[in-house]
Amino acid sequence: METLAVVTLAFYVLGYFVLGGADLGTGMMLPFLARNRAERRLVVAAIVPFFLTSEVWLIASAGLLIGFFPALEGELVSGLFPLIVVLLAGWVTRDAGVWFRGRVTGDGVAARSWRAGCDAAICAGSWLAAGAWAWILSGMLGGTFTRVLTDPAVIFAVLAVLVVFGLHGLAFAALRLTGAPQRRAAQGFGAMGEKQAFALTAAALMTLVAAAGSGLELTGSAADPATLAWLVPAALALTPLLMASQVWVWWLFGRRVFAPEDQDNNVLIP
Amino acid sequence: MNAETLELARLQFAVTAGAHFLFVALTLGLATIVACVQLRATVSRDPVRTEMVRFWGQLYVINYAMGILTGLVMELQFGLSWSGLTHFAGNVFGSALAMETLVAFFIESTFLAVWIFGWGRLGPWAHVAVFWVVALTAYASAYWILVANGLMQNPVGTRVDGDTLVVTDLSAVLTNPSAVTAFWHIAGGALLTGGFLVAGVSAYHLYRRSRHGELFTRSLRIGVFTALAGLVLSVVTGGMQFEWLGDVQAMKIAAFEGDSAELDALQAAMSAQFGAGDYTPPSLARAGGVVMLLAFALMLWLLIAGALLASFRRAVLRFRLWHVVLVASIPLPYIAMIAGWVFREVGRQPWVVYEMLTVEDAVSDVSDTVMRASLLTFTAIFGTLIAVTVWLLARHARRDPGTGFLGRVIDERGGQEPSTAVLTFVGR
């Protein structure tokens, strides 16, 4: 049961970093990818149908961690307290920017500043959240799990992990976008195909996360057998259903976003 | 443990949970109304009802974000600030949270994305079915959270093994009356919140003699009758909880009644059983209970009168004093909800798991400086976001139907596949 619990948890954690890491990375690269108003809108639109359905993987991971390994969750999260606060602050800021961006419409100064503020929140929030992850992962790679690593050398590791997040965001943007932002996203990957580039950055991120997590002492800290005996099968039974809903979302909204010719022609759908 | 850290951790959790509770109450109530209206709109193909789905649906969507954002911070706060709780009760408590994230939240958010961006992409029946999944999983979410909270109030189906709680009877945990009755109580409160909001916003438009008189007449009636149903449900289940609360949490009842002789007797009995300590809940619990009942009484009279008035079409359209009263009553269910929550949660103090673990023993071993910094961070962020959300809700509630973002795409010249419900959502 414990092994199954570890595998299930790892599946959701890796899923989060591949999907949620991609939209964080794209958010980080927003100023680089988009140079004008129409392009900024396009880049945010590349994230929008998926940011909710990607971050639920992290919420599921946190739920499974607390369900399968409650004591470990307490130790990890309270040990890494300041970084978790930064992660949450960045995440909440990013999400608010995405959610609220289109809620004030118009072309006046107020509406333009509103959108600029939301874009800034998306970018800054993405950097904060990815930075907190990078710091947490760097500490874990160095074998420190329950306190914040403050060795000055950690800065290099953090920067290296941030580069992986950024590249993953670019690979995602190259898959999702069209036009000039798409070319900017794809240029770093040279002649490599877009799908190969995404697979490569996803693999890099997953390797990093798997290596960071492999040092965790999961087996000694599991919930009691009576709890695992029902919770693990329940989680496993639900997983195919959850995956089907995710596949559906990708099937519905997975096509590239492109700029409409006429931005002002709103049409009501029946 | 540093006493200051404890108070800061409690304040931080109260700020997060309180904000979460108020926003999800509206989420739950509005989801129910939108799901029912959309079903009728789909059956009748009535354009007024379709416009109602768009109008109320966009308030639902704006409100939804705050529920997620506070919810995810809250989920991590259990480990962040209350590692003693996850250590002691994690076997039971953690599994309820895990089920909530998988069964409810994961599906709810995924399907909500499909509903918002799939407008026009899905057939009308598939589209309404997607929203029913969103609404039902929101209720499932409330149920699992109340299983976790019910365990804190009344840890049935478990026993203490060493220094942790283990499950002895899973069905007792899942049918804990402190969870199930409270679930219906909160479902009633959510309908009350959603109903008052819909009635109040409709009254605002009718007061202004909106040209969408038909839409808001129907909406006002839906709001009033939904609120009345919610009030009855929450009163019945609230009364049921009072009935047996004396058996499981006699101290809470004594605190509510302000019976000092009974409080002293219970304090002495608990000190004898659990060792010296203060087992009397703060007086805030009583204040919460009293405010809840006052708000209830006020809403009862408003809704009885409202149900009568709503039967007369002329009154719905023209009785402007009533419109003003309805707009002014939008906050009432919120006051009742937060007061009831204060009564329930402050009334269990000093326990985090009733008669098993105190809050003092549950708080994480972090310094008060770190706790203060995180409290300031979250309060500043949530304060800003709450202000922005309330402002956006008020702004969209005052607008004419037909001007919102939901269910609208930007016309694609050239017949390419529209990615444009997304573009409408992100704005210009």
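Numbers restart at 1 for each chain; the letters A, B, ... are given by sequence-line order, proteins then strands.
In this structure, W114(A) and W391(B) have tilted ring planes: the angle between them lies in the 30° to 60° band.
Interface residue W57(A): backbone and side-chain heavy atoms are both found under 4.5 Å from chain B. Within the 4.5 angstrom heavy-atom criterion, atoms from both the backbone and the side chain of A235(A) approach chain B. Residue V130(B) touches chain A through its side chain alone, counting heavy-atom pairs closer than 4.5 Å. Within the 4.5 angstrom heavy-atom criterion, atoms from both the backbone and the side chain of L69(B) approach chain A. Contact annotation for A60(A): both backbone and side-chain heavy atoms come within less than 4.5 Å of a heavy atom of chain B. Contact of A226(A) with chain B is made through the side chain alone, with heavy-atom distances under 4.5 Å. Heavy atoms of F68(A) lying under 4.5 Å from chain B are absent altogether. For a residue to count as touching a neighbouring chain, one of its non-hydrogen atoms must lie under 4.5 Å from one of that chain's; by this rule F88(B) does not touch chain A.
When each of D161(B), L122(B), T384(B) is checked for heavy-atom pairs under 4.5 Å with chain A, L122(B) comes out on top. The candidate with the highest count of non-hydrogen atom pairs below 4.5 Å against chain B, out of I47(A), L52(A), V48(A), is V48(A). Most heavy-atom pairs under 4.5 Å with chain B: of the set L252(A), L65(A), L64(A), L228(A), this distinction falls to L252(A). Annotation: maximal heavy-atom pairing with chain B below 4.5 Å, among A234(A), A62(A), G63(A), occurs at G63(A). Between chain A and the options L80(B), T101(B), L97(B), heavy-atom pairs under 4.5 Å are most frequent for L80(B). Chain A forms more heavy-atom pairs under 4.5 Å with one residue of V114(B), I381(B), T377(B) than with any other, namely V114(B). For the set V249(A), L242(A), L58(A), T53(A), the entry with the most heavy-atom pairs within less than 4.5 Å of chain B is L242(A). Most heavy-atom pairs under 4.5 Å with chain A: of the set V73(B), V167(B), I68(B), L85(B), this distinction falls to V73(B). Per-residue counts of heavy-atom pairs under 4.5 Å with chain A were compared for H127(B), Q58(B), H87(B), E75(B); the largest is that of E75(B). For the set T70(B), T164(B), I116(B), V166(B), the entry with the most heavy-atom pairs within less than 4.5 Å of chain A is V166(B).
Contact record, F78(B) with E73(A): C-OE1, 4.4 Å, taken as the closest heavy-atom pair. Residues V104(A) and R395(B) come closest through the heavy atom pair CG1-NH2, 3.8 Å. For the pair F117(B) and F253(A), the tightest heavy-atom approach, listed with the atom from each and the gap, is O-CE2, 3.3 Å. Of all the heavy atoms in V61(B) and W99(A), the pair that sits closest is O-NE1, 2.8 Å. Closest non-hydrogen pair, Q246(A) versus T110(B), comes out as NE2-OG1, 3.8 Å. In plain terms, the two heavy atoms of M99(B) and L238(A) that are nearest each other are CE-CD1, 4.1 Å.
Remark: L76(A) CG to L76(B) CG distance equals 11.0 Å, nearest 0.5 Å. The distance from the OG1 atom of T227(A) to the CG atom of L170(B) is 8.5 Å, given to the nearest 0.5 Å. If you take CG on L102(B) and CG on L231(A), they are separated by 8.0 Å, rounding to the nearest 0.5 Å. Note that CE of M243(A) is 4.5 Å distant from CZ of F106(B), once rounded to the nearest 0.5 Å. Taking CD from E100(B) and CD1 from I59(A), the interatomic distance works out to 8.5 Å, rounded to the nearest 0.5 Å. In this structure, the separation between CG on L88(A) and OG on S374(B) is 10.0 Å, given to the nearest 0.5 Å.
Looking only at distances, no side-chain donor or acceptor of R103(A) sits under 3.5 Å from a matching main-chain atom of L392(B). A donor-acceptor pair under 3.5 Å is formed between the side chain of N91(B) and the backbone N or O of D224(A). Although no hydrogens or angles enter the test, the distance criterion places no donor-acceptor pair under 3.5 Å between the side chain of S245(A) and the main chain of I107(B).
Around CH2 of W144(B), the count of heavy atoms belonging to other residues, nucleotides or ligands within 6.0 Å exceeds 12.
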